[in-house]
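Residue numbers begin at 1 in each chain, while the letters A, B, ... track the order of the sequences.
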Amino acid sequence: MSMRTHTCGELRAADAGAQVALCGWVDSVRDHGGLIFIDLRDRYGLTQCVFDPQDSAAAWDAAQSCRSEFVVRIEGEVRGRPEEMVNVKIGTGEIEVRSLAIEVLNKALTPPFPLEDREAELVSEDLRLEYRYLDLRRTGMQRALMARHHILQAARTYFDEQGFVEVETPILTKSTPEGARDYLVPSRVIPGMFFALPQAPQQYKQLLMVAGLDRYVQIARCFRDEDLRADRQPEFTQIDVEMSFVDADDVMAMVDGMLARVMAAAELPAPQLPLPRMTWREAMERFGTDKPDLRFGMEIVDLGEVFSATAFKVFARVLEAGGVVKAVNAKGLAQATIKTVEEDWTGLAREGGLGGLAYIRVQEDGTWKSPIVKFFSDAERAGLQEALGIEAGDLILFAADKAEKALPVLGRIRLLAGALAEAIPADVFRFTWVTDFPLFERNDEGRLVSVHHPFTAPLAEDVELLETAPEKVRAQAYDIVLNGTELGGGSIRIHDPKFQARMFKVLGLPEAEVQSRFSHLLRALEYGAPPHGGLAIGADRLVMLLTGGHSIRDVIAFPKTQKSVDLLMDAPAQVDDKQLRDIHIRLAVTPTAEGGGAAAKPE
RNA sequence: GGGGCCGUAGCUCAAUUGGUUAGAGUACCAGACUGUCGAUCUGGGUGUUGCGGGUUCGAGCCCCGUCGGCCCCGCCA
């Protein structure tokens, strides 16, 4: 008989009578003194194996010494269970294996934490990460990894069917001037020079379009040396796409199809295609963010009309100065605590540069309780009522300032209010495209920088504003958003070398820097670059959202901690002096062994 | 760089105002048990209260420092 004849998730009533061999981990031992039950587990499922001293005294004896997580091979005969003994919780619950022999292939130490999902999910994450190979043994984690596999496989298959070619681009590449901090790799051969790990395969995929590949896709690893969040890891995976001879609609339609396939692969309801679209301006006006969560209402309402002639000086002054008065109706939150409204949310408004946050609590009897209502005319009250659909129990939150300040604040409060009111369903998936982003923004120093990246093409009708009013120029850029999370984004690229040079000039990049950083791309554009565009989707975030996870660490096999430490491998770590000499590096700090060897402390 | 939460048995947590021998559940170990499937019953505490220092007659608890984990802001073209 072979090592194993079946998996632990395979046997059914129809297999009764079969002689089988199963291999796996001991999930649990229930020793009744006479009878012993061992649940044997592998990736495929759980099978109950019964040891009776009358069947085989030797096997029964060996089973007695089995402990959790031992790796064993069991031979026996499949037996149907009487109806009252069927276990409906597991797929193999209608059978059991009458065990005639058991071989311990490997013993196991007692796991440092329970491997049962129900309990393991409460265990501190650093312990799980230190013993990730045990954590990944859990059903829940295996399900997440399987979902990831199916989702990425569906995306690959889809793009293959659509004629895309998967091309691998270098991991050792060149540092880019803008964007995130690069991970650097010193060159041994050329002293003092460094490779950078790619933040994205952006320029390579554009060069592949110049090369005539026409349709490119890659499940690409990307690296960014920035601080982490629940949805950000220093290395992450993108579904990276680029297409030639397309416009923005073509790219979005292609990705619509992919997302529909991916939803099916994740066994989730199909979204209606085409996925909805809105412009960046509309997203900001209605939701106060460029990644709107469409799972609930509480949209931002403009009250410029209502208060156009108001006697309330605070609003009047703002409107006169070209500002806006906006509000959100936090439905049903009139009972929100003073702390929530006047400390937490008002504090948030102040952080966002607002003077404060006005509000109205609508009492159960319909009366308005508010420090500011007394300044409103009857017409203004009626206007508010109408514009915000005010009902008993509502909480109205006002922001009056420049639109760029008021909208983001209300956008954040809308999310908090939605969560507080439990108005955001967890099992609903609402996609939207956000299009027509601004091409540029001002950074801290007031310098013009690309919102997306410097290869993004502007909308044709805005090109004439490039030099005169660059901040008004909209980009042929689009983000795909799911449930308030930015899944990915892309753009139509500039394919005309003269235009690309013009763009660098508008950005104020010195000629020398353009040459040293982008000469390869500019030269490539000189040799017949097709019009092209594409996008990249954050694979980890996509899988996280579709599996209901709260952190991308839940869908990455071996993630890093918030300090970018790998607790399992204990990386980063010190290296030998010889290794440093080879790469011409001398340390300016003395590494210390504290914190498990991963912490380096300045002298 | 900044704000917040956390660190007590293998795990999850408790421990009154600073009080004498640091507990519970579970895991684990031993014994019992022939139909369990989160088995059950009996017995057993296995501890550098993250680490270092301070205050105190006395510190898990207070103070200072430090290490680590998580969430957020900044940052992430």
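For A:Arg553, the listed nucleotide lying nearest its side chain is B:C71; candidates were B:G68, B:C71, B:C76. For A:Arg229, the listed nucleotide lying nearest its side chain is B:C73; candidates were B:C11, B:C73, B:C76. Nearest to the side-chain atoms of A:His32 among the listed nucleotides B:C70, B:C76, B:U34 stands B:U34. Across B:C76, B:C11, B:C72, the shortest atom-to-atom separation from the side chain of A:Val123 is found for B:C11. Side-chain atoms of A:Gln48 lie closest to B:C37 of the nucleotides B:A30, B:C37, B:C33. Out of B:G69, B:C73, B:C37, the shortest distance to the side chain of A:Arg81 is found at B:C37. Of the candidate nucleotides B:G35, B:U12, B:G69, B:G35 has the atom lying nearest to any side-chain atom of A:Met85. Which of B:G69, B:G38, B:U34 sits closest to the side chain of A:Asp52 comes down to B:U34.
A:Phe37 qualifies as a stacking partner of the B:U36 base, centre to centre under 5.5 Å and near-parallel within 30°.
Pair assignment for B:G19: B:C57, on the basis of Watson-Crick or G-U wobble contacts that are both within less than 3.5 Å. Pair assignment for B:A27: B:U46, on the basis of Watson-Crick or G-U wobble contacts that are both within less than 3.5 Å. The partner of B:A9 is absent, by the rule that a Watson-Crick or G-U pair needs both atom distances under 3.5 Å.
Among the heavy atoms of the strands, none lies under 4.0 Å from A:Arg128. Within 4.0 Å of A:Glu351, counting heavy atoms only, lies no atom of the nucleic acid at all. Backbone-only contact: A:Leu127 has heavy atoms under 4.0 Å from sugar-phosphate atoms and none from a base. Looking at heavy-atom distances under 4.0 Å, A:Gln562 makes contact with a base. Residue contacts shown for A:Arg67 are limited to sugar-phosphate atoms, with no base heavy atom under 4.0 Å away. Nucleic acid contact for A:Glu441: none, since no nucleic acid atom lies under 4.0 Å from a heavy atom of the residue. Residue A:Asp227 is in base contact, counting any heavy-atom pair closer than 4.0 Å across all strands shown. A:Arg79 comes within 4.0 angstrom of a base, heavy atoms only. Heavy atoms of A:Val449 sit nowhere under 4.0 angstrom from any nucleic acid atom. Across all strands, A:Gln202 comes closer than 4.0 Å to base atoms (heavy-atom distances). Residue A:Asp225 is out of contact with every strand shown, counting any heavy-atom pair closer than 4.0 Å.
Not a single donor-acceptor contact under 3.5 angstrom links the side-chain atoms of A:Arg224 to the base of B:C76. Between the base of B:G38 and the side chain of A:Arg118 there is a donor-acceptor pair shorter than 3.5 Å. One can find a donor-acceptor pair under 3.5 Å joining the base of B:G35 and the side-chain atoms of A:Glu96.
Counting to the nearest Å, the C1' atom of B:G31 and the CD atom of A:Gln64 are 11 Å from each other. When the C1' atom of B:A27 is taken as reference, atom CG of A:Leu134 falls 14 Å away, rounded to whole Å. Taking atom CG of residue A:Asp31 and atom C1' of nucleotide B:C37, one finds them 14 Å apart after rounding to whole Å. Look at NZ on A:Lys563: it is 12 Å from P on B:G2, rounded to the nearest Å. Taking atom CG of residue A:Asp126 and atom P of nucleotide B:C71, one finds them 12 Å apart after rounding to whole Å. Distance A:Phe51 CZ to B:G35 C1': 15 Å, rounded to the nearest Å. Residue A:Leu109 contributes atom CG, which lies 21 Å from atom P of B:U46 at whole-angstrom precision.
A centroid separation of less than 6.0 Å is found between the aromatic rings of A:Phe455 and A:Phe518. With ring centers used as reference points, A:Phe37 lies under 6.0 Å from A:His32.
Within the 4.5 Å cutoff, side-chain heavy atoms of A:Trp280 are placed close to those of A:Pro438. Taking 4.5 Å as the limit, some side-chain heavy atom of A:Arg553 sits within range of a side-chain heavy atom of A:Glu125.
The separation of B:G10 from B:C6, taken at their P atoms, amounts to 22 Å, rounded to a whole angstrom.
Under the side chain to side chain donor-acceptor pair (under 3.5 Å) rule, A:His532 has a single partner from A:Arg493, A:Gln206, A:His495, which is A:Gln206.
Residue-to-nucleotide proximity on RNA chain B shows that, of A:Gly34 and A:Ile90, the 5′-proximal contact is made by A:Gly34. Residues A:Pro112 and A:Pro53 each lie close to RNA chain B; by heavy-atom proximity, the contact nearer the 5' end of the strand is made by A:Pro112.
Atom CD in A:Glu94 sits 15.0 Å away from atom CZ in A:Arg79 (nearest 0.5 Å).
Checked by atom type, the side-chain pair A:Thr485/A:Asn483 shows no donor-acceptor distance below 3.5 Å.
Surrounding CZ of A:Arg281 are at most 12 heavy atoms belonging to other residues, nucleotides or ligands under 6.0 Å away.
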